[in-house]
Amino acid sequence: AELARYKSAQAALGKTVSDEEAAQTVLDDMIAQVLLAQGARAAGLSITEAALQSKIDALTASLGGADKLSAWQSTHGYTDESFRSALKRSAEAALMRDKIIAEVPGTVEQVHARQILLYNDAEAQSVLAQLKAGAKFDELATQYNRSPQLETRGDLGWFPQGYLLDANLEAAAFALQAGQFSEVIASEVGFHILYIVERGPHPLSPDARLVLQGRAVTDWVSGQRAQAVIVTAP
């Protein structure tokens with residue numbers, strides 16, 4: 001039933017997914033929801049029957065009555081029992097997500113970095129040689145960076161570990177102390193030389209906080225899944 005609902009939703013969005021891909025996506029999502037719901041109950045955050053009924057009553061009112069809710073359930077492949085079960089699981093999973101997210105600190109170790117981004121290795125190595133010979137990073141950043149890096153002077157701002165999409169760039173940044181520059185780091189977009197302006201505890205930006213919160217939930221689920229005995233019905 002969950003698979004049918006997922007495929008219907010994808011079709012409504014104009015997306016085509018293979019049966020194998022859809023089945024794996026749905027299974028992974030259901031496992032994650034069950035693990036999160038179990039975690040919520042273990043933490044004393046379970047949804048009582050009274051609270052569940054209040055959610056159903058609110059949904060019934062928003063749809064325009066019990067008949068409308070019944071029709072909606074039928075259209076989406078739910079029975080009364082399976083709908084209550086799915087709603088409870090979803091609500092408990094949401095409580096556990098909120099708990100995990102709330103535990104992400106607002107201030108963490110971060111680096112404030114700048115970069116020179118070049119598009120061929122030879123030029124990047126030439127710039128690195130100039131830095132090692134004593135040239136100023138600011139002057140080379142102005143000379144060699146192109147738009148949009150030029151406008152920002154290559155400033156990447158503050159960021160924590162777990163934020164950058166490129167793991168090699170992030171590892172290089174956190175291997176440096178303030179005032180140090182990196183070797184040339186190759187990525188999909190070019191060749192980078194990083195310079196650390198500052199380093200230390202710093203408040204997370206809203207965007208970085210969202211990224212770390214998302215990763216915290218993903219890591220929690222992965223950790224629980226690694227310890228779990230997962231049995232799927234035939």
Side-chain angles (χ1 to χ4, degrees), residues 10 13-18 20-22 24-25 28-29 32 100-101 103-223 225-226:
Q10 294 303 300
L13 294 171
K15 298 180 180 179
T16 302
V17 292
S18 67
E20 182 179 351
E21 181 185 357
Q24 191 61 56
T25 297
D28 287 342
D29 181 65
I100 296 166
I101 285 170
E103 292 172 355
V104 174
T107 298
V108 300
E109 176 77 9
Q110 297 188 67
V111 294
H112 175 196
R114 293 180 60 201
Q115 71 169 344
I116 299 172
L117 176 60
L118 301 152
Y119 299 104
N120 70 77
D121 188 34
E123 187 176 32
Q125 295 297 339
S126 172
V127 172
L128 180 62
Q130 293 178 64
L131 283 170
K132 290 182 175 180
K136 299 294 186 183
F137 189 93
D138 284 2
E139 294 174 2
L140 294 178
T142 302
Q143 180 180 348
Y144 285 97
N145 272 326
R146 300 173 178 86
S147 295
Q149 298 298 322
L150 181 59
E151 285 75 11
T152 63
R153 298 173 66 207
D155 195 346
L156 298 175
W158 287 89
F159 57 87
Q161 286 184 299
Y163 178 71
L164 293 187
L165 294 176
D166 192 298
N168 290 332
L169 277 177
E170 188 170 276
F174 279 89
L176 300 170
Q177 297 301 318
Q180 295 180 329
F181 56 82
S182 71
E183 297 292 316
V184 175
I185 309 150
S187 78
E188 292 183 357
V189 299
F191 299 87
H192 311 252
I193 301 172
L194 300 178
Y195 176 81
I196 303 304
V197 181
E198 304 170 83
R199 177 172 180 160
H202 191 78
L204 289 168
S205 68
D207 184 58
R209 187 171 177 81
L210 282 175
V211 170
L212 293 197
Q213 287 173 338
R215 292 199 175 187
V217 173
T218 299
D219 290 347
W220 187 94
V221 170
S222 295
R225 185 165 178 163

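As the structure is a prediction and not an experimental result, all values here were calculated from the model.
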Minimal non-hydrogen separation, [X] against [Y], with atom names:
X	Y	answer
Asp166	Ser187	OD2-CB, 3.3 Å
Leu164	Glu170	N-OE1, 2.9 Å
Ala113	Phe159	CB-CE2, 3.8 Å
Phe174	Arg199	O-NH1, 2.8 Å
Gln161	Leu212	O-CD2, 3.6 Å
Pro203	Thr107	CA-OG1, 3.8 Å

Check: [Y] and [X] side chains under 4.5 Å, non-hydrogen atoms:
X	Y	value
Leu128	Glu183	yes
Asp28	Arg225	yes
Asp155	His112	yes
Arg153	Asn145	no

About how many Å separate [atom2] of [Y] and [atom1] of [X], when rounded to the nearest 0.5 Å?
X	Y	atom1	atom2	answer
Leu118	Ile193	CG	CD1	6.0 Å
Phe191	Ile185	CZ	CD1	11.5 Å
Leu204	Arg209	CG	CZ	6.5 Å
Tyr195	Gln115	OH	CD	15.0 Å
Ile116	Glu123	CD1	CD	10.0 Å
Leu156	Tyr163	CG	OH	10.0 Å

Do other residues, nucleotides or ligands put more than 12 heavy atoms under 6.0 Å from the CD atom of Glu103?
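Yes, enclosed.
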Tell me if the CG atom of Leu165 is crowded by more than 12 foreign heavy atoms within 6.0 Å.
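No.
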With distance as the sole test, does Ser126 use its side chain to make a donor-acceptor pair with the main-chain N or O of Ala122 at under 3.5 Å?
no
Check ion pair Lys15-Glu21 (N to O, under 4.0 angstrom):
no
